Amino acid sequence: MKRRWASTVGVLSLCTALAMPVYAVENETKPAEHHHDNSISGFIDYQELQKSLKQIAANSKGTVQVDVAGQSHEGLDIYTARVGTGDKVLLVQSEIHGNEKTGTVAILNLLKTLSNNSKQSQKIREEVTLVFMPMMNPDASEADKRRNSLTWSETLENFPQLAGAAPSWNYLDRGISQNYDYGANPGFDVNRDFNPDLNYVPQAEDFPGASNQPGWFITPEAQTSRDVYKSLQNEFGKVDVFIDLHHQGLYYVDGTADPVTLSLSAQFVPDPSTPEGAKYAEYADNYDYDFSRQLNLAAYNELQSYGNSKFTNISLYSQGLDLPGTALGSYALNGSGTVLFEVRGQTQSLGQKEKGQLVKSVERGLSGIIESVADGSVEQIDPEAYEDIPLTAYRPGF
């Protein structure tokens, strides 16, 4: 059951082996420093998120509706913030990996803007319904780590039918990864725990799985995202747009020495109507790759409009992926246009000035999508122009 804050009015009933770190199995290397040696004070922690959401909802006088959609493994509330009454539905989530925080700040900034009394904000609210999940994995956010804190033994308690199954491939219980000791504190990469079958029930024969196979909805965080998605499907018929906000390492715009500010992507599973995507044929009628490409171009074009600045160092994340266990892959197969944001750096390595620049990049890219969906201009974008966005390279000049 969802719990509401009394101070709000009508509160809502919200990376891989082929490529970059967000979608890769992390390397187990000894860190040069502890993960808290670098300050994360410039970002929003869990208590600050609660305070900010409550304040935004109160100041909006009912325009922004905040709900508790579920709880994390450790019992922290997972919030949604909803604004707008239009019939075009956008779901945006951040911090499914707890050390990827710029999206959370960008979401809070957008909520303040979208709830103001400007004519532009009012028009957007009339055309779209936006549901934000600003901190999907609060346990990991508080610990400044990638994974949640659920253990395999606790999973077996929750799903006794999995007794005898091998732990899922996205479970880490050894070594040190991204400056966090998972040997002492095991956990799951929540963004591998999604399944295109939104009613899937975990079965032992589906474990341990692999990166190119669906997940299982065994983590409470993935279950909460799915439940929000399904509730919006029930209310509106479909979720038109799904956007997932992430971080990546230091990469370069293909053929240049320019560090990437932000990578985008529209592709997480092969097209179900092609031979490569034949295993997803049952979803072919829902999948809309062209719309996903148009949405990505809306963000890309908005950021390019700022001329020669850090905002223009935008590239395409690795393509040709097959990741049905990610939220992006699963929701794309269910008919949502999908967009991945991957900003540069992790929280442990960002300076204060760079944090602000990256937050602004996410905010402006999201605004480009939201505004183009609201006024319908996204439908006029040539999806083939997506193929002209430069790729992300691993080394300068390559």
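Nothing here was measured: the structure is a model prediction, and the numbers come from that model.
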>> Around atom CD of Gln47, are there more than 12 heavy atoms from other residues, nucleotides or ligands closer than 6.0 Å?
In response: no
> Can a donor-acceptor pair be found between the side chains of Thr85 and Glu126 at a distance below 3.5 Å?
Replying inline: no
> Any side-chain heavy atom of Ser94 sitting closer than 4.5 Å to one from Phe132?
Replying inline: no
>> Under the criterion side chain to side chain contact (heavy atoms under 4.5 Å, CB included), I'd like the reasoning laid out for Val241 against Leu295: C-alpha separation, chi angles, the key distance, then a yes or no.
In response: CA-CA 8 Å; Val241 178; Leu295 293 166; 3.8 Å; yes
> Going by atom types alone, do His246 and Glu342 pair a side-chain donor with an acceptor below 3.5 Å?
Replying inline: no
> Mind checking whether Asp189 and Arg146 have side chains closer than 4.5 Å, heavy atoms only?
Replying inline: yes
>> Testing the 3.5 Å rule here: is there a donor-acceptor pair between the side chains of Ser330 and Asn195?
In response: no
> Looking only at heavy atoms, which two atoms of Leu53 and Leu111 are closest? And how far apart?
Replying inline: CD2-CD1, 4.0 Å
> What's the shortest heavy-atom distance between Ala140 and Arg147, and which atoms?
Replying inline: CB-O, 3.0 Å
> What residues form a ring pair (Phe, Tyr, Trp, His ring centres under 6.0 Å) with Tyr306, not counting sequence neighbours?
Replying inline: Phe311
>> If you compare all heavy atoms of Leu333 against all heavy atoms of Pro272, which two are closest, and at what distance to 0.1 Å?
In response: CD2-CG, 3.7 Å
> How far apart are the C-alpha atoms of Glu235 and Arg82, what are their side-chain angles, what is the distance that settles it, and do they pass the salt bridge (charged side-chain N to carboxylate O under 4.0 Å, His left out) test?
Replying inline: CA-CA 14 Å; Glu235 182 178 357; Arg82 176 167 171 164; 2.7 Å; yes
> Taking the side chain from Gln120 and the backbone from Gln122, do they hold a donor-acceptor pair closer than 3.5 Å?
Replying inline: no
>> Quick check on the 6.0 Å ring-centre criterion: do Tyr394 and Tyr252 meet it?
In response: no
>> With a 4.5 Å cut-off on side-chain heavy atoms, are Tyr46 and Ser141 touching?
In response: no
> Should we count CG of Asp285 as having more than 12 external heavy atoms under 6.0 Å?
Replying inline: no
>> Using a 3.5 Å distance criterion without hydrogens, assess whether the side chain of Ser121 forms a donor-acceptor pair with backbone atoms of Ser118.
In response: no
> Closest heavy-atom contact between Tyr283 and Asp197?
Replying inline: OH-N, 3.4 Å
>> Between Ile78 and Val68, is the side chain to side chain contact (heavy atoms under 4.5 Å, CB included) condition met? List the steps.
In response: CA-CA 6 Å; Ile78 300 172; Val68 174; over 6 Å; no
> Does the ring center of Tyr331 lie less than 6.0 Å from the ring center of Tyr229?
Replying inline: yes
> Are Phe236 and Thr129 close enough that some pair of their side-chain heavy atoms sits under 4.5 Å apart?
Replying inline: yes
>> So, taking the atom named CG in Leu340 and the one named OG1 in Thr326, what distance separates them when rounded to the nearest 0.5 Å?
In response: 9.0 Å
> Rounded to the nearest 0.5 Å, how far apart are CH2 of Trp152 and OH of Tyr171?
Replying inline: 9.0 Å
> Between atom CD1 of Ile56 and atom CD of Gln65, what is the distance when rounded to the nearest 0.5 Å?
Replying inline: 14.0 Å
> Hey, do the aromatic rings of His97 and His247 have their centres closer than 6.0 Å?
Replying inline: no
> Without hydrogens or angle criteria, can the side chains of Thr219 and Asn148 be said to hold a donor-acceptor pair below 3.5 Å?
Replying inline: no
>> The criterion is side-chain hydrogen bond (donor to acceptor under 3.5 Å, both in side chains); which residues satisfy it with Asp271, sequence neighbours excluded?
In response: Ser273
> Out of curiosity, Asp144 CG to Asp45 CG, how far, rounded to the nearest 0.5 Å?
Replying inline: 11.0 Å
>> Within the 3.5 Å criterion, strictly below it, is a donor on Gln267 or Ser292 matched to an acceptor on the partner's side chain?
In response: no
> Can you list the residues that meet the side chain to side chain contact (heavy atoms under 4.5 Å, CB included) rule with Gln304, with sequence neighbours excluded?
Replying inline: Tyr300, Thr312, Ile314
>> If we ignore hydrogens and angles and just use 3.5 Å, is the side chain of Asp193 paired with the main-chain N or O of Phe217 as donor and acceptor?
In response: yes
>> Does anything in residues 360-375 form a salt bridge (Lys or Arg N to Asp or Glu O under 4.0 Å)? List the pairs, not counting sequence neighbours.
In response: Lys360-Glu363
> Just checking, any donor-acceptor pair under 3.5 angstrom between side chains of Gln380 and Ser377?
Replying inline: no
>> Walk me through whether Lys112 and Asn59 qualify under side-chain hydrogen bond (donor to acceptor under 3.5 Å, both in side chains).
In response: CA-CA 9 Å; Lys112 295 173 186 176; Asn59 291 343; over 6 Å; no
> Side chain of Asp254, backbone of Ala393: donor and acceptor closer than 3.5 Å?
Replying inline: no
> Is it true that atom CD of Gln161 has more than 12 heavy atoms of other residues, nucleotides or ligands lying nearer than 6.0 Å?
Replying inline: yes
> Is it true that a side-chain atom of Glu221 and a backbone atom of Asn137 form a donor plus acceptor pair closer than 3.5 Å?
Replying inline: no
> Between Phe207, Tyr200, Phe159, which is the residue that forms a ring-ring contact (aromatic ring centres under 6.0 Å, His included) with Trp216?
Replying inline: Phe207
> Would you call Leu90 and Val131 a side-chain contact if the rule is heavy atoms closer than 4.5 Å?
Replying inline: no
>> If I take atom CG from residue Leu303 and atom CG from residue Asn313, how far apart are they, to the nearest 0.5 angstrom?
In response: 10.5 Å
>> Looking only at side-chain N and O atoms, does Glu302 offer a donor or acceptor that is under 3.5 Å from a partner on Ser367?
In response: no
> Can you tell me if Thr392 uses its side chain to pair, donor with acceptor, with the backbone of Leu316 under 3.5 Å?
Replying inline: yes
> Does atom NZ of Lys279 have more than 12 heavy-atom neighbours from other groups under 6.0 Å away?
Replying inline: yes
> Do the ring centers of Tyr180 and Tyr182 come within less than 6.0 Å of each other?
Replying inline: yes
> Could you state the interatomic distance from OG (Ser115) to CZ (Arg125), rounded to the nearest 0.5 Å?
Replying inline: 7.0 Å
>> Are the side chains of Tyr317 and Val260 in contact, using a 4.5 Å heavy-atom criterion?
In response: no
>> Under the rule for side-chain hydrogen bond (donor to acceptor under 3.5 Å, both in side chains), what residues qualify as partners of Gln213, not counting sequence neighbours?
In response: none
>> Checking the side chain of Thr104 only, and the main-chain atoms of Pro134 only, is there a donor and an acceptor separated by less than 3.5 Å?
In response: yes
>> Can a donor-acceptor pair be found, under 3.5 Å and without considering hydrogens, that links the side chain of Ser225 to the backbone of Ala222?
In response: no
> Counting only N and O atoms by type, is there a donor-acceptor contact under 3.5 Å from the side chain of Ser336 to the main-chain atoms of Thr338?
Replying inline: no
> So which of Leu358, Val362, Val343 actually passes side-chain contact (heavy atoms from CB on, under 4.5 Å) with Thr261?
Replying inline: Leu358
> Can you tell if the side chain of Tyr280 reaches within under 4.5 Å of the side chain of Pro270, non-hydrogen atoms only?
Replying inline: yes
> Is a donor on one side and an acceptor on the other found under 3.5 Å between the side chain of Asn296 and the backbone of Arg293?
Replying inline: no
> Under 4.5 Å between any side-chain heavy atoms of Lys355 and Thr102, yes or no?
Replying inline: no
>> Once side chain to side chain contact (heavy atoms under 4.5 Å, CB included) is applied, do any residues pair with Ser149, and if so which ones, sequence neighbours excluded?
In response: His73, Glu74, Asp139, Lys145
